[in-house]
Amino acid sequence: MNLQAILLKYWGFSSFRPLQEDIIRSVIEGNDTLALLPTGGGKSLCYQVPGMAKDGLCIVVTPLIALMKDQVQALKLKGINAVGIYHGMSKVEIDNAIDNCVYGNVRFLYLSPERLVTDMMRSRLTKMNVSLLAVDEAHCISQWGYDFRPPYLRIAEIRELIPNTPVMALTATATTQVVEDIQEKLDFKDANVFQKSFERKNLAYMVFREEDKLNKLLKICRKQNGTGVVYVRNRRRTREIAEWLKQQKVGADFYHAGLSALERDAKQDAWMKERTRVIVSTNAFGMGIDKPNVRFVVHMDLPDSPEAYFQEAGRGGRDGNKAFAILLFNETDTDSLKQFLERSYPSIKDIKKVYNCLGNSFQLAIGSGKDQSFSFDVFDFARKYNFDPFLVFAAIGFLEKEGYLGSSDALANPSRLMIMVSNEELYRFQVANPRYNPFIKMLLRSFTGLFTEFTKIREDDIARRTGMSRNAVRKTFQELHKMNILHYKEQNEKPVITFLEERLAASDLRISKEVYRERKVFARKRMEAMIDYVSSETKCRSLFLLAYFGEKGKKRCGQCDVCLERNQAGVSAYEFNRVVKAIKPLILSEKHTLETLMNAMDLMLPEEKILNVIRYLIDNGKISENDDGVLSWK
Ligand code: ADP
Ligand code: MG
């Protein structure tokens, strides 16, 4: 089947985006391939289309469970047989999933790098017909990268087991150094990179030094039409800022990873459908979200790396229309970023201590616990063992990247229900409270055994059956629970921690001091680059970011705060208009290059100023210049 036909049949798209087709062809021809496309550039299709074009199984390695689930589900909806292996699945479930990849007609298997290299996988990998090994978020393989995950280093091991299968690596951000590193660590047969420029011509980067960030934010929200995202580091502040904006009549809401999955979905949905105009969020917002018409992305705090900033800011203007990426900054930010970095790298001793206390709190003996999951509340844990919650977050994040632990949102752990009164008492209650009568009747009709055991229920089903909203169903259960009529155990929304290996004695945790120190050094370098970005007053913001990612020879953007400032340099508005009045008729009436134009003009101002104005007009699209240098007015 040809590629276009596959694209249309399963995804309903009529054409590929730039580079997608080249990347797909490269890997179909059997070449190891590295695809560097910005976030939202359409990387998933780069392995999904070849996965469908070739017989057999496409294995997708990715670190992000939430995205894994989304993708598996999206493929299933298209009628494509896809499975994922997540933390929290039982051994039998994992075993079945892998079996299906050997004997069933599974086309896509999503898993984390830790799962890829288990004995269970290895022993059956050779029996699978693997057409492609796709490594998403491939920058995680490089310790120069901003999200190094050591288990990624082991991916190459399994290439020996499937020697004829090409590997495709995908990432949105990688410096030149990381690009080299990815290919080396994945044992590329030949160097082979497809890279879309990181230049975002419709995105205007702005940095404002502001003491009163809130008021500046308000001005931005009022001035910009359309949808926006505001990033803040602190969860509590997301709510405070959103509430303040609402008081000022800006349609805003907040979002962070501490909210329940339900709340997050609802908030995200409202924003996608433009019932919420501005979402104030931690960096938890945005992964996997694809909204084309975001007009502004504001950062209230300094991100910790240009990589992170580029990804987050890059959510603006996907539709190609003008959008703003605005960073509000003041002198205190530099210090808090430095502190943040220190706190994000707790001492190895503290990491081991947290690991040990986790094992104790889940009552795991040394040598046990592999693949067991536990629900977990950071704040309870921190209180109980006297840790700073932030340190616990950081330590778990570290242990997760090292492959000792997995953490995820709540497992699918449904709500349960049991009636706590006798049949007669319930009847009396119904008579005395007729308002609950229909609801209780429906329950008794729908479920058996409610009087004798906890029964799994799904609020969504009940909502459908009763015509109530899901929330009203929950409220009703909560009321009945309070009145001791029934016991309602609501779905467990606490995050889950999974031990991916047996609990080790803390002293046996393999954390190399040198590697750890080096990582911190790289993190500091990225932070310093970010501080340079905001501190510089002379370098075009776009050029700065491009240079950071190793792209040279681009033109300045003409629309960031630095360029705008420079464009105006030395020219008053009056002078500016005088020049425009003089050159516009010349350009409109005759063919001019810059040179002939300058000759034709009477020089009412110093030549340099006139050139400044013309450069500004070119940069801002008022004047365009064709390949022969001929100018035209738009
Ligand atoms: P990335 O992983 O690069 O951030 P995704 O693979 O998530 O990006 O794709 C982003 C969005 O672009 C998705 O909604 C996807 O359906 C859409 N998309 C990808 N390729 C095309 C295409 N050729 N035509 C139209 N939409 C596309
Ligand atoms: Mg992606």
Side-chain angles (χ1 to χ4, degrees), residues 2-25 27 33-53 58-78 80 82 84 108 110-113 132 134-141 145-147 149 152 168-174 182 193-200 203 229 268-269 271-273 283-294 297 307-320 549:
N2 87 22
L3 300 176
Q4 229 92 28
I6 292 176
L7 183 68
L8 189 64
K9 176 170 175 202
Y10 292 100
W11 284 273
F13 301 141
S14 48
S15 61
F16 285 106
R17 290 203 181 138
L19 283 190
Q20 274 179 331
E21 193 167 359
D22 302 322
I23 292 166
I24 292 168
R25 290 206 186 281
V27 77
T33 305
L34 170 55
L36 246 158
L37 298 180
T39 310
K43 286 184 285 299
S44 318
L45 279 184
C46 292
Y47 55 82
Q48 287 170 338
V49 170
M52 294 309 290
C58 171
I59 297 182
V60 186
V61 180
T62 164
L64 306 168
I65 307 222
L67 291 192
M68 207 189 273
K69 287 186 177 164
D70 287 352
Q71 293 225 352
V72 168
Q73 212 165 20
L75 287 169
K76 281 186 177 163
L77 281 175
K78 298 180 196 309
I80 297 171
F108 293 92
Y110 281 78
L111 39 59
S112 64
L132 175 62
V135 181
D136 206 359
E137 314 292 346
H139 56 272
C140 294
I141 206 170
Y146 76 114
D147 191 15
R149 293 167 186 256
Y152 262 71
M168 172 182 275
L170 308 109
T171 175
T173 54
I182 292 172
V193 184
F194 291 83
Q195 173 162 15
K196 189 161 185 279
S197 167
F198 281 60
E199 190 170 19
R200 293 288 313 273
L203 199 59
V229 185
Q268 183 181 315
D269 194 53
W271 179 78
M272 292 292 289
K273 299 200 171 120
N283 62 6
F285 187 76
M287 273 198 302
I289 293 175
D290 182 40
K291 183 168 172 55
N293 61 344
V294 177
V297 178
E307 284 93 334
Y309 183 61
F310 182 81
Q311 288 226 2
E312 287 160 15
R315 302 208 161 98
R318 295 258 182 89
D319 55 6
F549 292 115

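In this chain, numbering begins with 1 at the start of the sequence shown. Keep in mind it's a predicted model, so treat the numbers as computed, not measured. All ligand and atom numbering here is 1-based and tracks the order in the structure.
Using a 4.0 Å cut-off between heavy atoms, P38 contacts ligand 1 through its backbone alone, with no side-chain atom that close. When heavy-atom distances to ligand 1 are checked against a 4.0 Å cut-off, F13 comes that close only through its side chain, counted from C-beta outward.
Heavy-atom contacts of F16 reach the following atoms of ligand 1: 23 (N) (cutoff under 4.0 Å). Residue S15 has at least one heavy-atom neighbour below 4.0 Å for each of these atoms of ligand 1: 22 (C), 23 (N), 24 (N).
Not a single heavy atom of L37 sits closer than 4.0 Å to an atom of ligand 1.
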Walk me through it: do V135 and I141 pass the test side-chain contact (heavy atoms from CB on, under 4.5 Å)?
CA-CA 10 Å; V135 181; I141 206 170; 6.0 Å; no
Pair K78-W11, side-chain contact (heavy atoms from CB on, under 4.5 Å): steps then yes or no:
CA-CA 8 Å; K78 298 180 196 309; W11 284 273; 3.3 Å; yes
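Around atom 8 (O) of ligand 1, the closest heavy atom drawn from G42, A74, G314 belongs to G42. In the candidate list S44, S14, C46, S44 is nearest to atom 7 (O) of ligand 1, counting heavy atoms.
The shortest distance between side-chain heavy atoms of Q195 and F549 does not fall below 4.5 Å. The side-chain heavy atoms of F108 and M52, taken from C-beta on, include a pair separated by under 4.5 Å. In this structure, the side chains of M68 and L64 stay at 4.5 Å or more apart for every pair of heavy atoms.
Note: W271 and F285 have perpendicular aromatic rings, judged against thresholds of 30 and 60 degrees for the angle between ring planes.
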